[in-house]
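Here's the structure, in structure tokens; my notes come after.
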Amino acid sequence: NDGSVTATPVDAYDSEYLCPVSIDGQILALEFDSGSSDLWVFSTSLPLSQQKGHVIFDPSKSKNWKALSGYTWNITYGDKSGASGTVGTDVVTVGGTSVSGQAVEIATQVSSQFVSDTANNGLLGLAFSSINTVKPQKQKTFFDLAKPSLSSPVFTADLKHHAPGTYDFGTINSAKYTGAITYTNVVTSKGFWEFTGSGYAVGNGSFVSSSIDAIADTGTTLIYLPDAVVTAYYQQVSGASYDSSQGGYTFPCSATLPNLTLGIGSYRAVVPGQYINYSPRGSKCFGGVQSNTGIGFSIYGDVFLKSQFVIFDGSSTPRLGFASK
Ligand SMILES: O=C(CNCCc1c[nH]c2ccccc12)Nc1scc(-c2ccccc2)c1C(=O)NCc1ccccc1
């Protein structure tokens with residue numbers, strides 16, 4: 001039972017995309033996150049102050065809810081945000097794809113970033129189940145549980161700039177991309193959709209071949225790259241500078257931003273310069289390309305992913321596919 005669901009940008013900056021998910025009939029807007037593997041939701045077990053403004057899942061109203069007694073979860077993301085709580089299973093439906101026995105992680109505590117982000121009622125993890133945080137037994141992701149019932153073991157992301165896009169489960173819709181799909185092998189040892197980029201070019205400059213260890217991460221907004229790439233990029237932006245008070249590169253909002261080409265094998269993925277003007281911050285604008293220092297690898301987040309049609313191929317040898325659109 002293949003499925004398709006709309007992914008709607010939560011704000012004018014495409015800082016995250018939310019999708020309607022049904023948990024036994026209760027519909028919550030969740031962020032689909034290929035950079036983590038927990039499906040967690042705002043719940044009636046949260047303090048009322050943390051529930052405020054959110055759509056709340058109430059397990060007591062679900063006929064198919066089965067509590068997993070003694071099971072807990074606790075996740076912290078790189079930006080120090082996070083959440084924790086208890087676990088049960090329920091029927092989870094995304095578009096036409098329905099899964100029973102899905103571990104639904106009930107939040108009993110969420111960090112302030114999530115409390116204030118009132119459009120976001122939780123995350124649906126789409127990385128590998130090896131990094132699920134449930135104890136004493138890690139749980140499977142929605143994609144892992146859905147796979148056997150899909151026409152093919154894939155999901156695709158067609159995120160868009162300042163417009164709703166789609167996630168599809170089970171099929172690769174050839175109407176959504178142009179040209180050939182370039183596949184690249186994935187390393188799953190860290191639990192991410194991790195691959196090696198082949199280099200970069202700034203604007204119309206020449207392509208620089210270099211291996212870039214990166215993950216395809218729908219749950220991270222921006223692109224985080226090695227300093228060599230980031231400095232080469234902003235050298236082409238007049239008035240750009242690293243602003244430690246803003247925690248990254250900023251530039252005059254009137255600046256014309258060059259495209260950024262990122263190589264994947266012989267494929268050249270072009271991120272339009274305008275996608276790299278992320279948002280106004282102070283009197284300047286904050287860049288959609290930032291340094292990966294402190295992360296340990298590069299992150300190809302939404303700013304990159306929305307320029308491409310992306311196939312997450314969960315077959316026995318997982319791989320990522322990229323195509324223009
Ligand atoms: O965690 C995810 C995907 N889920 C994000 C869910 C989420 C985390 N705050 C959210 C806030 C709203 C909605 C979703 C989320 N990806 C990865 S892999 C490595 C790092 C990392 C490791 C060390 C240092 C930095 C990143 C991250 C990371 O923290 N990204 C988020 C971020 C990255 C940079 C800046 C801010 C956030």
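One-based numbering, in listed order, for ligands and for the atoms of each.
The distance from ligand 1 to the heavy atoms of L123 drops below 4.0 Å at these ligand atoms: 6 (C). For ligand 1, the atoms closer than 4.0 angstrom to any heavy atom of I215 are 18 (S).
Annotation: F192 places no N or O atom under 3.5 Å from an N or O atom of ligand 1; distance criterion only. Where the criterion is an N or O separation shorter than 3.5 Å, residue side chain and backbone included, Y77 fails it with respect to ligand 1.
Looking at atom 5 (C) of ligand 1, its nearest protein heavy atom turns out to be G219 O, 3.4 Å. Of the protein's non-hydrogen atoms, E16 OE1, 3.5 Å is the one closest to atom 12 (C) of ligand 1. Looking from atom 9 (N) of ligand 1 to the surrounding protein, the closest heavy atom is D79 OD2, 2.9 Å. In this structure, the protein non-hydrogen atom closest to atom 25 (C) of ligand 1 is I295 CG1, 3.6 Å. Atom 26 (C) of ligand 1 has its closest protein heavy atom at G78 CA, 3.8 Å. Among protein heavy atoms, atom 17 (C) of ligand 1 sits closest to D217 OD2, 3.5 Å. Scanning the protein for heavy atoms near atom 13 (C) of ligand 1, the closest one is E31 OE1, 3.0 Å. Nearest protein heavy-atom neighbour of atom 27 (C) of ligand 1: I299 CD1, 4.0 Å.
The closest non-hydrogen atom to atom 19 (C) of ligand 1, taken over F297, F114, Y224, comes from F297. The residue among T220, N120, L126 with a heavy atom at the shortest distance from atom 33 (C) of ligand 1 is T220.
Atom CG of N204 has 12 or fewer heavy atoms from other residues, nucleotides or ligands within 6.0 Å. Within a 6.0 Å radius of NZ in K147, other residues, nucleotides and ligands contribute more than 12 heavy atoms.
At a cut-off of 3.5 Å, with distance as the only test, a side-chain donor of D243 or S245 sits close to an acceptor on the other residue. The closest side-chain donor-acceptor pair between D38 and S36, if any, does not fall under 3.5 angstrom. A side-chain N or O of S4 and one of D168 form a donor-acceptor pair less than 3.5 Å apart. Remark: the D24 side chain and the N64 side chain contain an N/O donor-acceptor pair separated by less than 3.5 Å.
A ring-centre distance under 6.0 Å is not found for Y200 and Y233.
Pairs engaging residues 219-273 under the disulfide bond (SG atoms under 2.5 Å apart) rule: C253-C285 [sequence neighbours left out].
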- Task: Quick one: do E105 and T133 satisfy side-chain contact (heavy atoms from CB on, under 4.5 Å)? Show the steps, please.
- Result: CA-CA 10 Å; E105 301 171 30; T133 73; 4.2 Å; yes
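Distances from ligand 1 to the non-hydrogen atoms of L222 include no value under 4.0 Å. Using 4.0 Å as the threshold, Q113 has no heavy atom nearer than that to any atom of ligand 1.
A side chain to side chain contact (heavy atoms under 4.5 Å, CB included) with Y300 is found for exactly one of I212, V310, D217, namely I212.
By the criterion of a heavy-atom distance under 4.0 Å, the side chain of D33, and not its backbone, is placed next to ligand 1. Proximity of T221 to ligand 1, defined as any heavy-atom pair under 4.0 Å, is not found for any part of the residue.
If you chain together ILVMFWY residues whose side-chain heavy atoms come under 4.5 Å of each other, V110 ends up grouped with W40, F42, L46, I56, L68, Y71, W73, I75, Y77, V87, F114, V115, L123, V134.
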